[in-house]
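Take a look at the structure below.
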2 protein chains.
Amino acid sequence: MAQDRLDAVKLDGTGPIYDQIRRSIRDLILGGTWPPGTSVPPEHALMEQLGASRMTVHRALVQLAREGLITRRRRSGTVVASPPTTHAMLDILSIPAEVERLGQRYAYEVLARHDGRPSPELALRFGLKRGEKIAHLVTLHRADDRPHVLEERVIHLATVPAAAAEDFARTPPGDWLLQHSLWSQAEHAISAIPAEPDDAALLDIAAGEACLLIERRTWNQAAPVTAVRLLYPGNRHRFVGRFGPYGAV
Amino acid sequence: MAQDRLDAVKLDGTGPIYDQIRRSIRDLILGGTWPPGTSVPPEHALMEQLGASRMTVHRALVQLAREGLITRRRRSGTVVASPPTTHAMLDILSIPAEVERLGQRYAYEVLARHDGRPSPELALRFGLKRGEKIAHLVTLHRADDRPHVLEERVIHLATVPAAAAEDFARTPPGDWLLQHSLWSQAEHAISAIPAEPDDAALLDIAAGEACLLIERRTWNQAAPVTAVRLLYPGNRHRFVGRFGPYGAV
DNA sequence: AGCCCTTAATTGCATAGGCAATTGGACGCT
DNA sequence: AGCGTCCAATTGCCTATGCAATTAAGGGCT
């Protein structure tokens, strides 16, 4: 049976050898021939079977391990991993890109801006420290003149000082930040809430209507960069993602 | 200046050499020292500078390229990539795991089940073919006895015949499918909708209240496996994901 | 049986060297 | 100047080999 498994791994002659090995084993796993827990032949066996060097076999297996399809331990060997917890990968495009992909005309306006230290209410809502200097912006994005999303954003001026001198007249803050700052960590939260009367008026919907709320906070190293609340009219927008079980499609 | 870039890459002595190189360059990029477009020293220069073999340097650079931080082309060399479109990675746990992570007691019940060919209305809602055999389930999941999520699911019996003989009395359909079927592709859509009266009654909320709707369809190779609509009371649940800009954190 | 020690299987990491593929740029020709 | 040709820089891939780290399993001792 170990021999069966060995024989099942085949080269197809297309592309680099390590990739042929990787794809062959991947297909055996995804096709169900090697269910989770199956032990994968050791490197030296594959090496002899396939006539490849150990480093080449190793490279294929390391990559499969990084993709989460197999787990490897010294001496114990390599086994097919259990399917991981499912990840849903959503593309969070910039809002202009999002609107244009829908084939609609994009426009936006800055409704309000206030720089300085946050009010207690604001500090609470965005998890800010009392004393820090921030820019606080409210922006409405439109698609074909209809309100598309209401954006409320805080920019940490200590991390992005250039934002203080930018009026965001031409570039919406999200896009501007992508070009003028770096981030290494982000946190997203998605929830559904009824629209507050004020927000509903701006979005041109009825108060209490279901809205999709995306909250994102971004850091570079440990320094906070920005925090944003994006409020979408729920019936007008949905986020779609397509992907495979192991990260890469 | 090329020499400056070379000098900036340093080993810190912790962990494998290839990983020291990888982290050193990654930090130069994420820290802004090497903005997008900066050209990374060629392998042989790094190799001499660091006293490592070319394969070791190569391994570090290949990994950075796979992470999307750099792009490499023969002859042209290696340059720091522009930040990619942002991905939001959400963990879609199984529902029992989700509830237990909140520290609440999990329970569920199958409210309805019907096997056979889909009604026109159902076929439309889940994108089914008229003639195909399916199992149709409605399940309510509870956390500490309060309704947590309402699940409506279709299982394609042609792809998962074993589901016909399973009553899902002990294991909810989502978890059962994870163990008894494979999937290679999934599509998620997230939106916010007001609760229909029937659904609201089951979820113990007011009709029209904002709910988070997750629709997921799953395939193995080209064969459809299952489709599910998960309706969460919006104010009781949010999906959170934390991640870096380049896929892996 | 229980416990410790040794052995060996297996993966992880690194080196050294070589050939292949791509392509920017220099060079020469018109 | 414009065009084609050739060269060389750079990355991509592979082989062969060796040592290190981990640890399952067996063997020996009490």
Side-chain angles (χ1 to χ4, degrees), chain A residues 1-3 5-6 9-26 29 34 37-81, chain B residues 1-3 5-6 9-26 29 34 37-81:
Chain A
M1 40 180 55
Q3 188 58 46
R5 288 198 291 273
L6 204 45
V9 182
K10 291 202 167 63
L11 303 182
D12 60 12
T14 66
I17 298 173
Y18 79 89
D19 205 54
Q20 299 179 40
I21 301 173
R22 184 185 68 83
R23 281 183 286 109
S24 173
I25 295 177
R26 182 201 61 187
I29 295 172
W34 289 3
T38 307
S39 80
V40 177
E43 293 182 357
H44 72 85
L46 288 167
M47 164 185 157
E48 287 180 10
Q49 170 79 12
L50 301 171
S53 83
R54 207 194 123 208
M55 281 305 288
T56 302
V57 172
H58 183 71
R59 188 168 172 179
L61 293 174
V62 163
Q63 210 166 110
L64 285 167
R66 281 173 48 92
E67 292 170 10
L69 276 87
I70 58 177
T71 57
R72 319 192 72 205
R73 276 169 61 207
R74 282 167 172 153
R75 163 71 207 194
S76 313
T78 302
V79 295
V80 177
Chain B
M1 38 180 56
Q3 188 58 47
R5 288 200 291 274
L6 204 45
V9 183
K10 291 201 167 63
L11 303 182
D12 60 11
T14 64
I17 297 174
Y18 79 89
D19 204 56
Q20 298 179 40
I21 300 172
R22 185 186 67 84
R23 281 183 284 108
S24 173
I25 295 177
R26 182 201 61 189
I29 295 172
W34 290 1
T38 307
S39 81
V40 177
E43 294 182 356
H44 72 86
L46 288 167
M47 165 185 157
E48 285 179 12
Q49 170 78 12
L50 300 171
S53 81
R54 207 195 122 206
M55 280 304 289
T56 303
V57 172
H58 183 72
R59 187 168 173 178
L61 293 174
V62 163
Q63 208 165 113
L64 286 167
R66 281 174 48 91
E67 292 169 10
L69 276 88
I70 59 178
T71 57
R72 320 193 71 205
R73 277 169 59 207
R74 283 168 172 151
R75 164 72 207 196
S76 313
T78 303
V79 295
V80 177

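Residue numbering restarts at 1 for every chain, and letters A, B, ... go by the order of the sequence lines. Fair warning: this is a prediction, and the values are worked out from it, not measured in the lab. Because only heavy atoms are used, hydrogens play no part in the values below, and waters and symmetry mates are left out as well, while side chains stay in.
Using a 4.0 Å heavy-atom criterion, one finds that B:Gly51 contacts the sugar-phosphate atoms exclusively. Among the heavy atoms of the strands lying under 4.0 Å from A:Arg54 is at least one base atom, whether or not backbone atoms are also near. Residue B:Leu61 is classed as having no contact, given no heavy-atom separation below 4.0 Å to the nucleic acid.
Between the side chain of B:Arg74 and the base of C:dT22, no donor-acceptor pair of N or O atoms lies under 3.5 Å.
The side chain of A:His58 contributes no N or O atom lying less than 4.0 Å from OP1 or OP2 of C:dT11. In this model, the phosphate group of C:dG12 is approached by a side-chain N or O of A:Arg72 to a distance below 4.0 Å at OP1 or OP2. Between A:Tyr18 and D:dC14 there is no side-chain N or O to OP1 or OP2 distance below 4.0 Å. Taking only side-chain nitrogens and oxygens, B:Thr78 comes nearer than 4.0 Å to OP1 or OP2 of D:dT11. Phosphate contact (OP1/OP2 of D:dC14, side-chain N/O of A:Thr56, threshold under 4.0 Å): absent.
Both A:Arg75 and B:Pro41 sit near DNA chain D, but only B:Pro41 has its closest nucleotide nearer the 5' end.
Between the C1' atom of C:dA14 and the CD1 atom of B:Ile17 lies a distance of 7 Å, rounded to the nearest Å. B:Leu50 places its CG atom 12 Å from the P atom of C:dA14, with the value rounded to the nearest Å. The nearest whole Å value for the distance from the CG atom in A:Leu6 to the P atom in C:dT10 is 12 Å. Look at CD on A:Gln63: it is 10 Å from P on D:dC13, rounded to the nearest Å.
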